[in-house]
Amino acid sequence: MTRFMFPEIGQFSLILALFFAVALATLPMVGYFRQSRLLLNTARPLTHIMVCLVVIAFLLLAWAFITDDFSVLYVSQNSNVDLPLRYKFSAVWGGHEGSLLLWVLILALWCLAVALRLDSLPQTIGPLVLSVLGWVASGFLAFLLFTSSPFVRILPDVPTSGGDLNPLLQDIGLILHPPILYMGYVGFSVAFAFAVVALITGNLNAYWARWARPWTAAAWASLTLGITLGSWWAYYELGWGGWWFWDPVENASFMPWLAGTALLHSLVVTEKRGVFKSWTVLLAIFTFSLSLLGTFLVRSGVLTSVHAFAADPTRGVFILALLVVLVGGSLLLYALRAGQVRSSVNFGFSGREAWLLLNNILLSVLTLTVLLGTLYPLLFDALGMGRISVGAPYFNAVFGPIALCLMVFMAIGPFSKWHHTKLASWWIPILGAALLSMGLAATIVFWQTFDWLTWCSLSVAFWVMSMTLLDWFNKQFMAGKQRLNQWRTLPSRYYAMVIAHFGMAISLVGVIMVSVNSHETMLKMSPGGQAEVGGYVFVFDSMELIKGPNYLSDRGHFQVYQQGHLVADLHPEKRFFTTRQQVMTEAALGAGFTRDLYLSLGEKLEDGAWGVRIHIKSFVRWIWLGGLLMVLGGMLAAFDKRYRQKRKKA
Amino acid sequence: MKRIVLFLPFLVFLVLGVVFYFLLGKDTQYMPSALIGQPVPQFQLVTLKGEQIKQTDDLPKGSYLINFWGTWCPSCHVEHPYLMTLAEQGVTIIGIDYKDQQAAARQWLRDKGNPYTLVLMDELGQFGLDMGVTGAPETFVVNAEGKIAYRLQGVLNAQSWQVIKAYL
Amino acid sequence: MHAVRRKRLLFIVLIVSLLASALGLVLYALQQNINLFYSPAQIAAGEAPLETTIRAGGMVVEGSLARQPDSLTLAFNVTDFQHSLRIEYTGILPDLFREGQGVVALGKLRADGVFEASEVLAKHDEKYMPPEVTDALKSRQMTSESSY
């Protein structure tokens with residue numbers, strides 16, 4: 001009968017975790033101000049215990065799902081006996097309570113990572129960073145316990161089957177998407193903690209940037225991966241064939257990414273040149289604030305979207321209070337303390353710092369435009385001016401040109417030198433690369449008859465690629481007194497940059513191609529019929545009815561021919577989930593390196609005909625391929641050898 | 001001058017916070033039912049007592065209330081005495097025992113008294129889903145034409161009764 | 001020293017012009033791409049502009065969905081229980097489209113009073129009611145309360 005105690009143990013360990021988090025939030029702080037080494041040193045053991053308790057709580061909830069313990073309300077709402085095991089596990093974060101627990105778990109794991117690397121930080125800084133993370137953890141543990149505990153029981157009469165997981169979430173992409181996305185979101189809390197500690201101690205030197213860099217890079221890489229996965233998931237699961245919808249919840253994850261990208265670059269300047277210090281600190285606060293804001297928007301029900309959780313005003317008020325305390329508090333601290341931070345006047349207006357400043361300005365502008373577009377309907381509504389929506393056209397119109405502009409500078413930045421670059425030394429290669437990429441773009445545009453905007457954007461993409469390669473070639477073979485056949489070892493953080501920039505360009509190619517060279521039709525087809533879309537012939541062979549573990553499905557058989565050759569067999573499905581009485585479209589994909597065939601079923605019409613949606617998506621995979629390259633770049637930057645060294649005399 | 005600039009992010013954030021706060025307030029406001037002006041959706045439910053199957057046709061003629069409740073719902077405890085008062089005044093109330101257990105519900109009615117003309121079991125919440133119920137207690141007013149005229153989310157008491165009465 | 005100052009000036013001009021064009025772009029895009037929501041009653045009262053992209057929504061009237069036999073063109077009525085609006089659409093309806101449920105459509109109002117939708121949205125939650133629809137129904141509720 002002990003199994004029936006597990007949810008109570010879970011609840012209890014969460015309560016204990018809250019106690020330890022509060023202790024972590026206060027004791028090392030007190031230790032710092034009282035100059036007590038003993039209190040400062042409590043940070044590490046307190047972190048370890050808190051992490052253990054959170055992990056225990058999470059495992060117990062997972063156990064409740066795996067063993068179908070429907071006496072737990074949250075389990076009975078989000079799982080079902082018929083659910084396959086892997087979805088039972090992912091159902092742990094399928095609803096509000098569990099995903100919040102996952103949030104806390106990931107925060108705890110980041111705390112653990114910091115605690116394990118404590119030796120690489122000065123003796124006062126490390127415990128304080130953990131302490132600030134303790135504030136964040138206390139806030140979220142309290143939120144979890146007071147408004148949304150996942151361990152609430154329905155006793156004495158336990159339901160026997162459960163309400164099932166939202167079918168939309170029954171998918172491999174969703175098993176992975178939230179944990180990785182949260183890794184990124186929450187990871188920025190480490191950079192945030194470093195920033196707050198720098199403000200508290202007033203000790204804002206170049207070392208600060210060096211400590212914060214690997215953590216920021218790691219969080220950035222996770223967030224990039226999370227967004228990439230999310231985009232891929234939306235593409236094949238939502239059945240509309242789009243890969244990015246400018247949905248408020250997508251924006252909520254995209255804003256910290258933009259701000260985090262800016263932070264990553266401004267940290268470089270702060271480390272190398274000792275300038276932009278207070279700006280970098282503000283960016284670090286800003287990035288994590290945007291993560292919190294995203295959490296607030298998704299969970300308070302202020303925004304409604306595909307991903308939004310059910311509205312609950314008490315939760316909204318609680319998380320708003322949390323937001324105000326954490327963000328408001330740190331911004332106030334910033335206002336009070338940042339005035340004391342002085343940058344050494346070391347800024348060259350033609351050097352790399354100028355390009356990085358441009359990068360920061362443009363990224364901040366991008367962040368603000370997305371923020372404005374996301375919040376505009378809310379502000380409009382708050383002022384009583386009516387209900388509006390700001391759709392994808394706004395974002396496309398604003399985001400496109402600014403992002404292109406950013407990418408033009410992105411190619412030049414690495415080429416330039418710190419402080420001052422002589423124009424004469426680089427205009428020939430730049431001109432060469434520019435002409436080459438414009439020519440290449442022109443060839444493609446001429447061949448495929450696209451418009452001049454496409455030509456512009458393609459030129460930019462090729463320009464980034466060629467400049468990045470050129471720069472690498474320069475540094476590899478030409479720099480210093482090296483001869484051509486001598487192989488220099490460039491630092492891995494340099495390769496990190498090259499790979500990430502290259503990935504960005506590849507994503508851009510994907511984005512351009514998919515938007516100008518795609519075909520899309522919706523048509524009515526009957527078994528035996530065929531249709532031609534973009535040079536492919538789709539033959540509708542037959543329909544069959546199949547039975548899945550928790551759904552019934554109409555499955556179509558389609559063959560796709562190109563010039564008489566069979567290129568793909570597609571099996572799109574229309575699933576009916578019996579417990580939730582909900583219909584889901586499963587699109588069928590014929591994936592390829594240069595194009596995807598995308599087919600999804602609409603409604604069943606009279607006499608066996610079906611509404612069918614067919615897309616030919618040009619180069620769509622490149623978007624995610626580029627994303628993965630950026631992730632690789634971020635990982636390389638995070639694990640650069642230079643950051644691994646142990647503490648020196650600080 | 002520089003110091004004031006440093007306060008700017010904080011002030012902007014404060015303004016945003018205030019806006020968010022008022023937006024949060026909005027969600028607590030009255031939520032109309034999608035079903036207003038519509039007849040009660042089709043159902044087949046088992047009665048709490050005799051385990052007979054009842055259908056939409058078995059609903060009473062004339063105006064009445066449909067009250068969703070459950071033994072698991074703390075506000076339903078608060079609401080119950082007022083329902084008893086209404087029943088004494090001769091108001092017809094159909095009780096829907098929502099996502100609940102039979103034994104517990106029977107015990108509840110034995111202990112507290114039964115204000116309902118008819119109690120139906122909606123164990124899985126399917127009927128609740130059809131009615132757009134988001135929680136318990138919720139009360140629907142069905143008028144003499146058999147159409148849903150009003151929906152109340154939350155506790156039915158003397159105050160909310162003043163509003164509801166007009167729809168009967 | 002002079003060259004440095006000129007460079008700095010150049011840089012600041014560059015930044016300011018970038019920011020200004022970004023701001024202009026934002027304002028322009030916001031003006032162009034905001035879609036106001038109108039309820040069927042507002043449309044019936046002639047408040048909505050013709051041939052402009054707007055959003056309209058309400059509850060789908062039971063039994064009003066009609067399809068053309070040879071294409072994916074279909075039409076249905078939405079109502080706020082005060083007035084109803086005919087919506088025409090060619091394409092595939094979302095999975096959660098059901099009669100008796102709330103929807104929001106994006107499109108243009110034609111002179112004959114029919115709403116030509118380019119997109120129909122029904123969200124992914126059976127409990128979900130588009131906030132505009134809620135509001136439209138709420139305002140109808142208020143007028144009916146005062147008339148009792």
Side-chain angles (χ1 to χ4, degrees), chain A residues 166-168 238-240 304-308 310 347-350 354 357-358 361-362 365-366 368-369 372-373 376-377 380-381 385-399 401-402 405 420 522-524 574-575 580-585 600-603 605-606 611-613, chain C residues 3-12 14-15 18-19 21-23 25-39 53-55 57 67-74 90-98 104 106 119 121 123-132 134-136:
Chain A
N166 188 340
L168 204 58
L238 293 184
W240 312 329
T304 36
S305 105
V306 181
H307 309 64
F347 187 82
F349 284 95
S350 63
L357 176 63
L358 261 181
I361 290 172
L362 288 173
V365 168
L366 284 177
L368 290 178
T369 53
L372 184 71
Y376 200 69
F380 213 74
D381 191 22
M385 288 156 73
R387 289 277 191 180
I388 54 155
S389 74
V390 176
Y394 161 81
F395 291 105
N396 292 337
V398 175
F399 201 84
I402 303 177
C405 193
H420 182 65
M522 286 186 273
L523 65 165
K524 183 175 164 176
K574 200 83 183 171
R575 290 184 183 165
R580 286 216 177 197
Q581 304 265 307
Q582 207 167 320
V583 179
M584 271 291 305
T585 303
S600 66
L601 291 174
E603 309 105 277
L605 308 170
E606 70 284 2
V612 177
R613 187 195 297 260
Chain C
V4 169
R5 207 179 274 176
R6 207 185 54 206
K7 260 184 204 158
R8 184 185 305 176
L9 189 71
L10 211 79
F11 192 74
I12 290 171
L14 180 69
I15 287 174
L18 269 178
L19 287 182
S21 39
L23 186 70
L25 198 61
V26 167
L27 290 178
Y28 173 77
L30 271 183
Q31 216 165 23
Q32 296 294 307
N33 297 309
I34 280 177
N35 308 311
L36 271 160
F37 177 84
Y38 292 93
S39 69
T53 304
I54 56 170
R55 291 180 310 144
R67 292 175 190 280
Q68 279 185 14
D70 295 324
S71 65
L72 288 175
T73 303
L74 52 91
T90 301
I92 290 171
L93 291 169
D95 284 344
L96 285 161
F97 181 93
R98 263 175 231 168
V104 169
L106 182 76
E119 210 177 323
L121 300 171
K123 288 278 183 166
H124 292 272
D125 184 351
E126 69 276 14
K127 283 182 203 146
Y128 176 81
M129 163 98 82
E132 294 87 355
T134 314
D135 272 7

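Residue numbering restarts at 1 for every chain, and letters A, B, ... go by the order of the sequence lines.
A distance of 9.0 Å separates CD1 of C/I15 from CG of A/L362, quoted to the nearest 0.5 Å.
Looking at A/F395, neither its backbone nor its side chain comes within 4.5 Å of chain C, counting heavy atoms on both sides. For C/L23, no part sits under 4.5 Å from any heavy atom of chain A, backbone or side chain. Neither the backbone nor the side chain of A/L366 comes within less than 4.5 Å of any heavy atom of chain C. Only the backbone of C/T90 comes within contact range of chain A, with heavy atoms under 4.5 Å apart. Residue contact with chain A, scored on non-hydrogen atoms closer than 4.5 Å, is absent for C/L106.
C/L72 is listed as a side-chain neighbour of A/L605, based on a closest heavy-atom distance under 4.5 Å. Two residues are said to be in side-chain contact when any heavy atoms from C-beta on lie closer than 4.5 Å; C/L18 and A/L358 meet this criterion.
Counting all heavy atoms, side chain and backbone alike, A/G602 lies closest to C/I92 at CA-CG2, 3.3 Å. Minimum interatomic distance between A/V398 and C/A29 (heavy atoms only, all atoms of both residues): CG2-CB, 3.4 Å.
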